[in-house]
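In what follows, a structure is listed as C-alpha cells, so that the remarks can point back to it.
By convention in this document, chain letters (A, B, ...) are assigned in the order of the sequence lines, proteins followed by strands, and residues within each chain are numbered from 1. Computed from heavy atoms alone, side chains included, the values below leave out hydrogens, waters and symmetry copies.
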Protein chains: 2
Amino acid sequence: MTTATDETNPDGRGFLPGLALDFVIFGFHDQELKILILEYKNTDLFALPGGFVREKEDLESAARRVLAQRTGLTDIYLEQFHTFGSLQRYDPAPLAQIMQAKGHAVQPDHWLLRRFVTVGYYALVDFTQAVPQPDAMADRCAWYELHQLPSLMLDHKSIVAKALETLRETLDRKLIGFNLLEESFTMHTLQRLYETVLGEPLNRSSFQRRMLSLGILQRLEKTYTGKAHKAPYLYRFIQPE
Amino acid sequence: MTTATDETNPDGRGFLPGLALDFVIFGFHDQELKILILEYKNTDLFALPGGFVREKEDLESAARRVLAQRTGLTDIYLEQFHTFGSLQRYDPAPLAQIMQAKGHAVQPDHWLLRRFVTVGYYALVDFTQAVPQPDAMADRCAWYELHQLPSLMLDHKSIVAKALETLRETLDRKLIGFNLLEESFTMHTLQRLYETVLGEPLNRSSFQRRMLSLGILQRLEKTYTGKAHKAPYLYRFIQPE
DNA sequence: TATTATTGTTGCACTATGCAACAATAAAGC
DNA sequence: GCTTTATTGTTGCATAGTGCAACAATAATA
C-alpha cells in the first residue's frame, strides 16, 4: 500500500489522490503456489505490495512501473481483476502504526491515512527470476505459500481471494503455466500447478492427454531424477509466434 | 459521465476526487441487444451514463445508487468489469463543450474537466421495466442497438467493447438470461439472446437440449403467435431459492 | 536378477454436442 | 374439409472430450 516517495512527499503530491494499486504476485515453487507479501518492522503487519498512480501516467503504466520495482522484472504477465472501494477498507489505524514504528510523527491528516480506492492486479512470475524488493516503509518482502499466509492488513485477504478466483476462471483461456514455470518442466509439475490453482486433484491420464492435444507443448529430452522409476520427459511451451 | 449535483457544486465537493463510474446497461428487445446512451443537447455528443462516489459511500453502493437514478430500477444485476485509467481518456474538450452548450461559463479548473479514472460496471435489466432518466446535463437517455451505436465520447466505445467481452465470458457461469428477459419467453427468444451476446449462431436442437438439461427452466402453456406453424411453449426461469 | 515406484499410453464407458431427420401442429390457401 | 407451409419439439447418429482402470516401459535399488 505504500511507496518509496512517502517521506519526501507528505501530501502525496504528484499522485492521483485517493487511488492506490495493490498486487497479488503469484509464483510457483516446490509444487506450491505462492504470493509476495510485505512485512513491516516492529508492527507484525503484513500487506500486499502496492503503489500509486502519477498524475501524468496511465493506470496500466503505473501498474507495470510498481511491479518492476517489486520484482525486478519487466515484461511480466499482469492483469487487472477488480477495484476495491468499500468504506470498511478505510481504516487509518494500520498505516498510522507503520508510520509510528518507522519513527515518524503521525499527522492525522497525512495523505496516507485518507480513504483509498484500490485497483487490484495480479501478476504471474517465474519464481526463479523474481527478486523481491521491499519498499521504503517495509523491511521484508517474501514469498508465502498461499494457504499459509499471515494475517493481512485491511481487506487484503479478500483481495487475494478475489485474485485467486479470477485466476481459476481464466486458467484455461489464458496460457497461465507459461508465465509461472521455468523454461522446461515435467508433466507432473504442470499438473501440480493446475491442481494448486484450481484447488482440486486432476486425473493424470486425462490431464496429459488434454495438454498434449493442445499442441502447445514440445517434448524435450528425458530428465533423470535419480529416483527408482521411469524418467519423465521435459516439456516446454511452444511460443505462439 | 455527469451527475445532477453539478450546478450547485462547482468543486465536486462531497465526491471522491478523480474517480468516476460508467455504466453499460444492457437490455434485450426485438431480438436485439441494446444499451442505454445519454445524449447532450446542441452538441451531438453521446456518452455512457455515469456518476461519482460520495466520500462516505461504498463503491458498490454508489454504483447501485447511480444505476437506480438512471433506470428507475433497484435490485438489478450489476457487475464491475474493469477500471479505465489511460491518460488518453483525459480530454476535457467534450465536457467543456457540454457545459458550454448548457449555457455555463467554462472555468478551465472546473472539477469535471480534470482527469478521471473510471470504474466500469455492466448491468442487465428487463427492457420492459427500465425507465431511462436523463441526468441534469443530458437531455435524452435512450436505448441503442449494440451494433448501431452513435459515436461515443472519450473512450466509451472501448468501455462498451470490454463490457461485451466480459458478458460473453460469463454468459455460461452466471444466469444472464434471467436478468435480461421478461417473466416468460420462448426457447427461440432465449436462443436469440445467447446468439446476440456471443455474436455467433447456435445449433437449435443442441441449444434446446442443453437448456432443458440444466433444470432451470419451467415449461408453461403454449403461446399462439398467429403464425402458420406449431405454437411454441413458454418457459420461465425457476428461482434458485 | 527381481523389486519398486513412476511415467507414458491405451481401452472402455459415459457425457456433451453438431447435424440431420422426423413427427407434431397452427394457420393460410384452395 | 383437405392440403400446404413454416416452425417447433424430439430423436438417432457420429464425433469429441473426460474419468477410470489397466498395462507396458523403465530407472534406480535390493
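- When the P atom of C:dG18 is taken as reference, atom CD of B:Gln191 falls 10 Å away, rounded to whole Å.
- Spacing between atom CZ of B:Arg192 and atom P of D:dT8 amounts to 12 Å, rounded to whole angstrom units.
- Taking the six-membered ring where tryptophan is involved, the planes of B:Trp143 and B:Phe127 are tilted, since the angle between them lies from 30° to 60°.
- We find that CZ of B:Arg209 is positioned 14 Å from P of D:dG9, with the value rounded to whole Å.
- No contact: A:Thr186 has no heavy atom under 4.0 Å from any strand.
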Given side chain to side chain contact (heavy atoms under 4.5 Å, CB included), test B:Thr170 with B:Tyr122 step by step and report yes or no.
CA-CA 12 Å; B:Thr170 54; B:Tyr122 72 85; 3.4 Å; yes
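- Put simply, CG on B:Leu190 is 17 Å from C1' on D:dT7, counting in whole angstrom units.
- Across the interface with DNA chain D, nearest-nucleotide mapping of B:Pro232 and A:Phe207 shows B:Pro232 to be the residue nearer the 5′ end.
- Residue A:His188 contributes atom NE2, which lies 21 Å from atom P of D:dT26 at whole-angstrom precision.
- Residue side chain B:Arg219 does not reach the base of D:dG9 through any donor-acceptor N/O pair under 3.5 Å, judged by distance alone.
- Between the C1' atom of C:dT7 and the NZ atom of A:Lys230 lies a distance of 5 Å, rounded to the nearest Å.
- A:Arg219 forms a cation-pi arrangement with A:Tyr233, by the criterion of a distance under 6.0 Å to the ring centre and an angle within 45° of the ring axis.
- The pair A:Arg192-A:Glu195 meets the salt-bridge criterion, since a charged nitrogen lies less than 4.0 angstrom from a carboxylate oxygen.
- In this structure, B:Gln208 reaches the D:dT10 phosphate: one of its side-chain N or O atoms is under 4.0 Å from OP1 or OP2.
- When rounded to the nearest whole Å, the span between CG of A:Leu212 and P of C:dG8 equals 9 Å.
- If you check distances only, the side chain of B:Ser206 never reaches the base of C:dA16 with a donor-acceptor pair under 3.5 Å.
- A donor-acceptor contact under 3.5 Å is formed by the side chain of A:Ser205 with the base of D:dA21.
- Atom CG of A:Asn203 is separated from atom P of C:dG8 by 14 Å (rounded to the nearest Å).
- Among the protein residues, A:Arg210 comes within range of the sugar-phosphate backbone only, with heavy atoms under 4.0 Å from sugar or phosphate atoms but none that close to a base.
- Counting heavy atoms from C-beta outward, B:His156 and B:Phe84 have side chains that stay 4.5 Å or more apart.
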